[in-house]
Amino acid sequence: MSRIRQHVRGSRRLATAGVAVSSATLLAVTLSPAAHAAARPTRDAAVRHAASALLAHASSLGLDSAQATSVRDVIVDKDGSQHVRYDRTYHRLPVLGGDFVVHLGPDGGYRGADRASRAALALPSTTPEVSAPEAADLATNALRAANPGDRLRQVKAKPRLIVDALHGTPRLAWRTDAVALDSLGNPVARTVLTDARTGARIDAWDSIETATGDGRSLYSGTVPLETTQSGSSYQLKDPTRGNTYTGDAANKTDLCIFGICISRAPSTVFTDTDNHWGTGATGDRSSAAVDAQYGTDETWDYYKNVHGRNGIAGDGKGSYNRVHYGSNYNNAFWDDSCFCMTYGDGDGTTFGPLVALDVAGHEMSHGVTSKTAGLTYSGESGGLNEATSDILGTMVEWYANNPSDPGDYLIGEQIVRPGFGGTALRYMDQPSRDGSSADYWSSSVGNLDVHYSSGVANHFAYLLAEGSGAKVVNGVSYNSPTYNGSTVTGIGHDKVGKIWYRALTVYMTSSTNYAGARTATLNAAKDLYGAGSAEYDAVAAAWSAVNVN
């Protein structure tokens, strides 16, 4: 299942301090935080307060005149506390693992920061010894190796010079995005991180992360839809949710990843004459569109009504959907280059159309992760990235409270077919039921595929919500064991969603691992419910139950 990619905004230097801050922060030195103490600070005020903090605490944040920063996200709590997330560059090169979050009190006073990496940024040179074409060749070879036996077409690669601070001592590196079309014409992509001095591979990961009026949907029954009237017909376009809409990709594909465009599929908006959409059967192309639009609506509403987040990026901007993408395409993905969700029809044997509600919630949550913590899609942070989408996608399903697709702790149960060999993609109560996922943390869990290392956090979330042992929830039987033989008492899924979202948006960074996730969720529980609360103690107990201590 795919996550969104971030685009870092430009920055302007504040030369007097020797530290570069985003252009939005330049007035910080003239604004007194006390002026905002009487009212909840605005987003802009939080950015100005954070800019002042950067000037005062540049040394402890590892900032110097060679670096620049830009604001990625802002959270303002109900009590006025502020959390401003930054990306940074070094001599204008993006720094992988350079992100950090500044925490401020209601008066704008500095409380501390969380950093993805504390390594000092000091490179002897920013001139690579390995050329860009050499890096591109290494990445295309890696893409072919990751797709053995498939004759890839239209293979292209785009190297970008960066500073890698995520994998030990900071070094100059090429981050190369290799893309192609497989034998069915569907996109494949891989990001390869290469040492720009030696040519050694540092890391590699998939760039497309797999998952995977009223309308009669495939999976959720008849659902309400907000549409737009256009002359004598209606468009499947929702003006109440940022003009989100759903279009038909006509079983074509595109590939526009990190600026590399090979082909584009259409996104022709669905129209209808009577504002009653679909038949609930795959033979009507608008039925899948109903599911996609409904999934977007419920995900939008969940984040807004539960967490106060206005859209995926928090800016009120609506995304759009494309359904009927590719040929028998067993995937769905979010892509920031179009700010859109894309759904395949499945091959009919292992998967049906991948437009189920929890899939929509999963994929769009990748977008939220990218706009906030930006968890790197490899190692333990990659497992946490996937788990975040499973956990919050599950919360979307519970939030929707749809009788045709009631809340559960199964991932993708609606889309799997008998040929898949199971009843769901993943099982949160006991992840190893899928044959590959990890139930508990071990020192080797980061070596697993991120869809399997995610099992540790999925298991934690289930235990925190429902507790250990055998039980039936919404008609589904679960039996969740613990690593240490302990008995865990659940606190309910609503609280799990709130704790995880706050941990993601306030405390996690791109390099957060499982130990860091324990700390982040404990901090979130403390913020929400208090350090001595039952919820705080339950978070600690659930992590211990999956061997994260």
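Heavy-atom minimum distance, Thr299 versus Gly295: OG1-O, 2.8 Å. The two residues Ala180 and Leu143 come nearest to each other via the heavy atoms CB-CD2, 3.9 Å. The shortest non-hydrogen separation linking Tyr462 to Met428 is CB-O, 3.5 Å. Closest approach of Tyr514 to Ala457, counting heavy atoms only: OH-N, 3.3 Å. Pairing each heavy atom of Thr296 with each of Ser319, the nearest pair is CG2-OG, 4.2 Å. Between Arg72 and Gly374 the shortest heavy-atom distance is NH1-N, 3.3 Å.
Relative orientation of the Tyr478 and Tyr409 rings is perpendicular, given thresholds of 30° and 60° on the angle between their planes. In this structure, His362 and His366 have perpendicular ring planes: the angle between them is above 60°, well past the 30° mark. Relative ring orientation between Phe460 and Trp500 is described as tilted, the plane-to-plane angle lying within the 30° to 60° band.
In this structure a side-chain-to-backbone donor-acceptor pair under 3.5 Å is missing from Ser480 to Ser468. Using modelled atom types, no side-chain atom of Ser370 and backbone atom of Gly367 make a donor-acceptor pair closer than 3.5 Å. Here the side chain of Ser454 pairs a donor or acceptor atom with the backbone of His451 at under 3.5 angstrom. Using modelled atom types, no side-chain atom of His459 and backbone atom of Ala545 make a donor-acceptor pair closer than 3.5 Å. Of the possible polar contacts, none joining the Ser217 side chain to the Asp291 backbone as a donor-acceptor pair under 3.5 Å is found. No side-chain donor-acceptor contact under 3.5 Å links Asn547 to the backbone of Ser442. Here the side chain of Ser432 pairs no donor or acceptor atom with the backbone of Gly435 at under 3.5 angstrom. Looking at Glu397, its side chain never comes within 3.5 Å of a backbone N or O of Leu357 through a donor-acceptor pair. With hydrogens and angles disregarded, a donor-acceptor distance shorter than 3.5 Å links the side chain of Lys471 to the backbone of Glu466. The main-chain N or O of Thr372 is never found under 3.5 Å from a side-chain atom of Asp73 such that the two would form a donor-acceptor pair.
Ring pair Tyr219/Tyr294: centre-to-centre distance not below 6.0 Å. For Trp398 and His493, the ring centers are positioned less than 6.0 Å apart.
Within the 4.5 Å cutoff, the side chain of Arg115 has no heavy atoms near those of the Ser511 side chain. Between Asp335 and Thr342 there is no side-chain heavy-atom pair separated by less than 4.5 Å. Side-chain contact between Tyr302 and Ser365 is absent, with no heavy-atom pair separated by less than 4.5 Å. By the 4.5 Å heavy-atom criterion applied to side chains, Val163 and Leu123 are counted as neighbours. Considering only heavy atoms from C-beta on, Lys252 stays 4.5 Å or farther from Arg322 through its side chain. Using a 4.5 Å heavy-atom cutoff, the side chains of Tyr440 and Val456 are not in contact. At a threshold of 4.5 Å between non-hydrogen side-chain atoms, the residues Leu172 and Arg197 do not count as touching.
With sequence neighbours excluded, the residues satisfying side-chain hydrogen bond (donor to acceptor under 3.5 Å, both in side chains) with Ser486 are Asn484. With sequence neighbours left out, Ala520 forms a side-chain contact (heavy atoms from CB on, under 4.5 Å) with Ala503, Tyr507, Met508. Judged as a salt bridge (Lys or Arg N to Asp or Glu O under 4.0 Å), and not counting sequence neighbours, the contacts of Asp195 are Arg171. Lys498 is linked by a salt bridge (Lys or Arg N to Asp or Glu O under 4.0 Å) to nothing, counting only residues two or more places apart in sequence or in another chain.
Residue pairs meeting the salt bridge (Lys or Arg N to Asp or Glu O under 4.0 Å) criterion with at least one member in residues 437-462: none, sequence neighbours excluded. Within the structure, ring pair (Phe, Tyr, Trp, His ring centres under 6.0 Å) pairs that include any residue of residues 415-436 comprise Phe351-Phe420 (at least two apart or interchain).
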Q: Test Val396 against Leu392 for side chain to side chain contact (heavy atoms under 4.5 Å, CB included), laying out the working first.
A: CA-CA 6 Å; Val396 170; Leu392 294 176; 5.8 Å; no

Q | Trace of the side chain to side chain donor-acceptor pair (under 3.5 Å) decision for Thr505 with Arg85 | A | CA-CA 9 Å; Thr505 57; Arg85 184 180 297 272; over 6 Å; no

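Within 6.0 Å of OH in Tyr320 there are more than 12 heavy atoms belonging to other residues, nucleotides or ligands.
Considering Asp114, Leu375, Asn385, Thr376 as possible partners of Thr512, the one that fulfils the side chain to side chain contact (heavy atoms under 4.5 Å, CB included) test is Leu375. The side chain to side chain contact (heavy atoms under 4.5 Å, CB included) with Ile415 is formed by just one residue from the set Asp358, Thr350, Leu354; it is Leu354.
Of the N and O atoms on the side chains of Thr244 and Trp300, not one donor lies less than 3.5 Å from an acceptor on the other residue. Using modelled atom types and a 3.5 Å distance limit, the side chains of His324 and Asn251 yield no donor-acceptor pair. Counted by atom type alone, Trp441 and Glu380 present one or more donor-acceptor pairs between their side chains at under 3.5 Å.
Within the model, atoms CG of Asp164 and CD1 of Ile202 stand 4.5 Å from one another, a figure rounded to the nearest 0.5 Å.
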